Q: 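Next up is a structure, given as C-alpha cells.
Letters go in sequence order (proteins before strands), and every chain restarts at 1. Every value quoted in this text rests on a predicted model; they were computed, and no experiment measured them.
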Amino acid sequence: MAISSASLISSFSHAETFTKPLKIDTVNPNPPNPILLISKCNSERELMQIQAYAIKSHQEDVSFNTKLINFCTESPTESSMSYARHLFDAMSEPDIVIFNSIARGYSRSTNPLEVFNLFVEILEDDLLPDNYTFPSLLKACAVAKALEEGRQLHCLSMKLGVDDNVYVCPTLINMYTECEDVDAARCVFDRIVEPCVVCYNAMITGYARRNRPNEALSLFREMQGKNLKPNEITLLSVLSSCALLGSLDLGKWIHEYAKKHGFCKYVKVNTALIDMFAKCGSLDDAVSIFENMRYKDTQAWSAMIVAYANHGQAENSMLMFERMRSENVQPDEITFLGLLNACSHTGLVEEGREYFSWMVHEFGIVPSIKHYGSMVDLLGRAGHLEDAYEFIDKLPISPTPMLWRILLAACSSHNNLELAEKVSERILELDDSHGGDYVILSNLYARNKKWEAVDSLRKVMKDRKAVKVPGCSSIEVNNVVHEFFSGDGVKSATTKLHRALDEMVKELKLAGYVPDTSMVVHADMGDQEKEITLRYHSEKLAIAFGLLNTPPGTTIRVVKNLRVCRDCHSAAKLISLIFGRKVVLRDVQRFHHFEDGKCSCRDFW
DNA sequence: ATAGGGTTAG
C-alpha cells in the first residue's frame with residue numbers, strides 16, 4: 001500500500017531539522033534493494049528518503065514494511081516509534097509478529113504505556129497475543145510501575161495458557177517485583193513446577209532490588225540444593241544481597257565461587273564485587289578487584305568513585321575521576337552523584353559546586369532529584385543552611401519532601417532550631433506520615449530544653465499515627481548475621497550481652513566518656529533512665545556483641561539502618577582506643593572507620 | 001524475543 005509523503009513527514013516530529021540528503025544511486029542499472037539500504041541508514045531523514053525511494057521504485061511490500069518497523073523499534077525514539085506505529089496502522093493485514101516488534105520498541109521507549117492503546121486495538125481486531133507478546137507488555141508495566149495493567153496481563157496470559165512459558169514466567173515475576181508486589185511475584189514463582197535458572201534469577205533479583213536480601217540468599221541456597229547451576233546473573237544479585245546485608249564472609253565465599261567457576265571474566269561481576277567489598281567495609285579488597293580489571297567501563301569506575309565517597313575518601317574519588325577521564329571513559333549521572341557525595345561527606349563545598357556545574361555544562365547531564373539532594377546535603381552539612389534553603393526554593397522542579405528532609409538533618413546537626421521549624425513546616429505540608437521528621441525536630445527541641453514543644457510535637461506525631469523506623473544494627477559473626485534493635489533490653493537487661501555492655505560502659509566512663517543524654521526525647525525521664533535508653537542503642541549492642549564474640553584484635557564490622565547517633569559515635573571512638581579494636585560502622589549513608597580513638601570522618605557528618 | 005553490576009535518600 002502506498003503512503004503519502006505528507007503523512008510520512010508529519011510522523012517525524014523533528015523532520016525539518018535533518019538537512020543532509022542520502023545519496024541513493026538510482027541511475028545504476030541494478031538499483032539498490034531498499035531493504036539492504038535500511039541497515040545503512042543513520043537518521044530519520046535518511047529513513048524517509050529510503051521509504052520514498054521504495055515507493056517510487058515499487059519495491060515496497062509487506063516484508064519491506066516489516067523490516068522498516070523492526071528498524072524503527074530497534075533503538076526507539078519518540079518519532080521513530082510514531083513512524084513505526086504509522087506503518088503498522090497502514091497495513092491491511094497486520095499480524096501478531098509485527099505487533100510484537102512494535103511492543104518491544106514501546107517497552108524500551110520513554111512512554112512505554114502507550115503500547116496499550118495499540119494493544120486494545122489489536123485485541124478488538126481479534127489478533128491473538130502469543131508467547132512473545134507478553135514479555136514486551138509486561139516489561140512496559142515494570143518500567144512504568146503499572147501494577148493494575150500488569151495484573152490484567154497476568155490474567156490474560158493465564159486464559160491463553162502462556163503464563164508458564166519460559167519467556168513469560170520470568171517477566172511476570174519481574175513485573176510484580178518492579179511494581180513492588182514481591183509477594184505476588186513469589187506466588188507466580190511458587191506455581192512453577194520446575195523453575196529454571198532464569199526464573200530463580202528473576203525472583204532473587206526481585207528480592208535484592210526490593211531490599212529483601214535474606215530471602216534472596218535463601219532462594220540462592222535452595223537453588224544450589226536442587227543442583228541448578230547459578231550463572232553470572234545469579235551472582236550479580238547474590239553479591240548485591242551481600243552488599244545490602246554487609247555480609248563480608250558470604251561475599252568472600254561468592255568471590256571464591258566466581259573465581260572457581262570462571263565468572264570473573266565478566267565486567268559486571270567484577271563491578272558487583274567492588275560494590276560488595278566496599279559496602280561490607282573492606283575497601284582494600286574493592287581496590288584490588290578494581291585494579292586487576294583489564295577493561296573498566298563507566299559503571300566500574302563509578303562503583304570505585306562511589307566506594308571512596310562512602311568511605312569518606314574524597315581525594316581518592318576525585319583522583320579516580322581524573323584517571324577515568326584520562327582513559328577516555330565517559331562519566332554518567334551516577335559518576336557525578338558519587339563525586340558530589342564525596343564532596344558533601346568531607347565538606348568540599350567549592351569542589352562540589354564545580355562538579356555540579358561541570359556535569360551540566362560540559363557533559364550535558366540533566367540533574368536528577370538525587371543530584372539536587374546531594375547539593376542540598378553539601379551546602380547544609382557544611383553549615384551554609386540559608387544557601388541550601390535558597391537552593392531548594394529556586395529549583396526548576398517542585399521540591400520533594402526528601403529534599404527538605406536532607407536540609408532538616410543539616411539544621412539538626414548545626415543546631416539551628418529556627419530554620420528547622422521553617423523546614424519542618426514545608427515537609428509536613430507535603431507528607432506528615434514520616435515519623436523520623438518529628439523525631440529530628442523533637443530532638444532539637446529537647447537539646448534546647450523546650451520541653452513543652454517536645455511534648456506537643458510527640459502528641460501531634462501520635463495523633464497522626466506517624467511511626468519512626470526503629471534503629472537496627474547488625475553484625476556478622478561466624479557466618480551468622482545478628483540483628484539488634486534500639487532499646488533491646490531496656491526493660492529487662494538480663495543476658496550476658498547486657499552485662500558485657502554494662503561493663504563496657506563502665507570502662508568507657510573511666511576513660512572519660514560522658515553519656516550525651518541531651519537528645520533523648522522523653523521529657524519525663526530521669527537522667528538515669530535516659531542513660532540506660534542510650535546504653536541500649538542498637539549500635540552499642542552490636543559492638544558489645546562483637547567484643548564478646550570475636551578474638552581480641554579482630555575488626556568489628558557493624559551495619560546500621562539509620563544515621564549513627566552522636567553519643568554512639570563518640571563511644572565508638574573510645575572503644576577503638578580502650579579495647580584496641582578497629583570498628584567499621586556502616587550507617588545509612590556512609591562509613592565510619594574508628595581506630596585509636598579517632599574516626600575517619602574527622603567528626604564531620 | 002525471558003533474568004542483569006554502579007544510584008535507590010539522611
Q: Does the side chain of A:Asn174 get closer than 4.0 angstrom to OP1 or OP2 of B:dG4 through an N or O atom?
A: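 Result: yes.
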Q: For the pair made of NZ in A:Lys229 and P in B:dA3, what is the distance, rounded to whole Å?
A: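 For the pair A:Lys229 NZ and B:dA3 P, the rounded distance is 23 Å.
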Q: Measure from CG on A:Leu385 to P on B:dG10 and round the result to the nearest Å.
A: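 Roughly 18 Å, once rounded to whole Å.
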Q: Among B:dT2, B:dG4, B:dG10, which is the nearest nucleotide to the side chain of A:Leu236?
A: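 Nearest to the side-chain atoms of A:Leu236, counting from C-beta on, is B:dG4.
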Q: The side chain of A:Ser302 is closest to which nucleotide in this list: B:dT2, B:dA9, B:dG6?
A: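 Nearest listed nucleotide: B:dG6.
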Q: Give me each pair satisfying ring pair (Phe, Tyr, Trp, His ring centres under 6.0 Å) with a member in residues 177-213 of chain A, each pair once, sequence neighbours excluded.
A: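 For residues 177-213 of chain A, and leaving out neighbouring residues, the ring pair (Phe, Tyr, Trp, His ring centres under 6.0 Å) pairs sorted by first residue read A:Phe189-A:Tyr200.
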Q: Within this structure, what is the CD1-to-C1' distance between A:Ile369 and B:dT8, rounded to whole angstrom?
A: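 Going from CD1 in A:Ile369 over to C1' in B:dT8 covers 13 Å.
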Q: Which residues pass the salt bridge (charged side-chain N to carboxylate O under 4.0 Å, His left out) test with A:Glu291, sequence neighbours left out?
A: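 Partners of A:Glu291 under the salt bridge (charged side-chain N to carboxylate O under 4.0 Å, His left out) test: A:Arg323.
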Q: Rounded off to whole Å, could you give me the CG-to-P distance for the A:Leu340 and B:dA9 pair?
A: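 So the CG-P distance, A:Leu340 to B:dA9, works out to 17 Å.
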Q: Can you tell me which nucleotide in B:dT8, B:dG6, B:dG10 comes closest to the side chain of A:Gln589?
A: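 The listed nucleotide nearest to A:Gln589's side chain is B:dG10.
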Q: Partners of A:Asp432 by side chain to side chain contact (heavy atoms under 4.5 Å, CB included), sequence neighbours excluded?
A: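 Partners of A:Asp432 under the side chain to side chain contact (heavy atoms under 4.5 Å, CB included) test: A:Leu428, A:Tyr438, A:Arg464.
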Q: Rounded to the Å, how far apart are A:Trp404 CH2 and B:dA9 P?
A: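 Rounded to whole Å, this separation is 20 Å.
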Q: Starting at OH of A:Tyr372 and ending at C1' of B:dG10, how long is that distance when rounded to a whole Å?
A: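 That distance rounds to 20 Å.
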Q: The side chain of A:His434 lies closest to which of these nucleotides: B:dG6, B:dG4, B:dG10?
A: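 Per side-chain heavy atoms of A:His434, the pick is B:dG10.
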Q: Is the shortest side-chain N/O distance from A:Lys370 to OP1 or OP2 of B:dG10 below 4.0 Å?
A: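 Checking A:Lys370 against B:dG10: no side-chain N or O falls below 4.0 Å of OP1 or OP2.
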Q: Without decimals, in angstroms, what is the distance between A:Ile102 CD1 and B:dA1 C1'?
A: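 After rounding, the gap between these two atoms is 15 Å.
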Q: Please report the distance, rounded to the nearest Å, between CE in A:Met320 and P in B:dG6.
A: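 After rounding, the gap between these two atoms is 18 Å.
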Q: On a plain distance test, is the side chain of A:Asn231 in donor-acceptor contact with the base of B:dA3 below 3.5 Å?
A: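 For A:Asn231, whose side chain was compared with the base of B:dA3, there is a donor-acceptor pair (under 3.5 Å).
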Q: With the threshold set at under 4.0 Å for non-hydrogen atoms, list the residues of residues 163-171 of chain A touching DNA chain B in residue-number order.
A: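 Output list: A:Val166, A:Tyr167, A:Pro170, A:Thr171.
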Q: Are more than 12 heavy atoms, taken from residues, nucleotides or ligands other than A:Lys296, located less than 6.0 Å from that residue's NZ atom?
A: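 Atom NZ in A:Lys296 is packed in, count exceeds 12.
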Q: May I ask you to decide if the ring planes of A:Phe321 and A:Trp358 are parallel, tilted or perpendicular, using 30° and 60° as cut-offs?
A: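 If you compare the ring of A:Phe321 with that of A:Trp358, the planes turn out perpendicular.
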Q: What ring pair (Phe, Tyr, Trp, His ring centres under 6.0 Å) pairs are there with at least one residue in residues 208-244 of chain A, not counting sequence neighbours?
A: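 Every pair satisfying ring pair (Phe, Tyr, Trp, His ring centres under 6.0 Å) with a residue in residues 208-244 of chain A: there are none.
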Q: Nearest of B:dG6, B:dA3, B:dG10 to any side-chain atom of A:Lys139?
A: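 Nearest to the side chain of A:Lys139 among the choices is B:dA3.
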Q: Is a donor on one side and an acceptor on the other found under 3.5 Å between the side chain of A:His311 and the backbone of A:Ala278?
A: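 Yes: the side chain of A:His311 pairs with the backbone of A:Ala278.
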Q: Would you mind telling me which of B:dG6, B:dT8, B:dT2 lies closest to the side-chain atoms of A:Val198?
A: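 Selected nucleotide (nearest to the side chain): B:dT2.
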Q: Please classify the nucleic acid contact of A:Asn211 as base, sugar-phosphate, or nothing, using heavy-atom distances under 4.0 Å.
A: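 Answer is nothing: A:Asn211 stays at 4.0 Å or more from every strand.
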Q: How would you label the contact of A:Asn100 with the nucleic acid (heavy atoms, under 4.0 Å): base, sugar-phosphate, or nothing?
A: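 It contacts base atoms.
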Q: What nucleic acid atoms does A:Lys560 come within less than 4.0 Å of, heavy atoms only: base, sugar-phosphate, or nothing?
A: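 If one applies the 4.0 Å heavy-atom cut-off, A:Lys560 turns out to touch nothing in the nucleic acid.
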Q: Taking the minimum atom-to-atom distance to the side chain of A:Ala409, which one of B:dG6, B:dG10, B:dA1 wins?
A: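 Minimum distance to the A:Ala409 side chain belongs to B:dG10.
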Q: Counting side-chain heavy atoms from C-beta on, which of B:dA1, B:dG10, B:dG4 comes nearest to A:Arg563?
A: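 Of all the options, the side chain of A:Arg563 is nearest to B:dG10.
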Q: Mind checking side chain to side chain contact (heavy atoms under 4.5 Å, CB included) for A:Val584 and listing every partner two or more places apart, or none if nothing turns up?
A: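 Counting only residues at least two positions away or on another chain, A:Val584 forms a side chain to side chain contact (heavy atoms under 4.5 Å, CB included) with A:Thr555, A:Arg557, A:Phe591, A:His593.
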Q: Could a donor-acceptor pair under 3.5 angstrom be found where the side chain of A:Asp332 meets the base of B:dG6?
A: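 Flag set: donor-acceptor pair detected.
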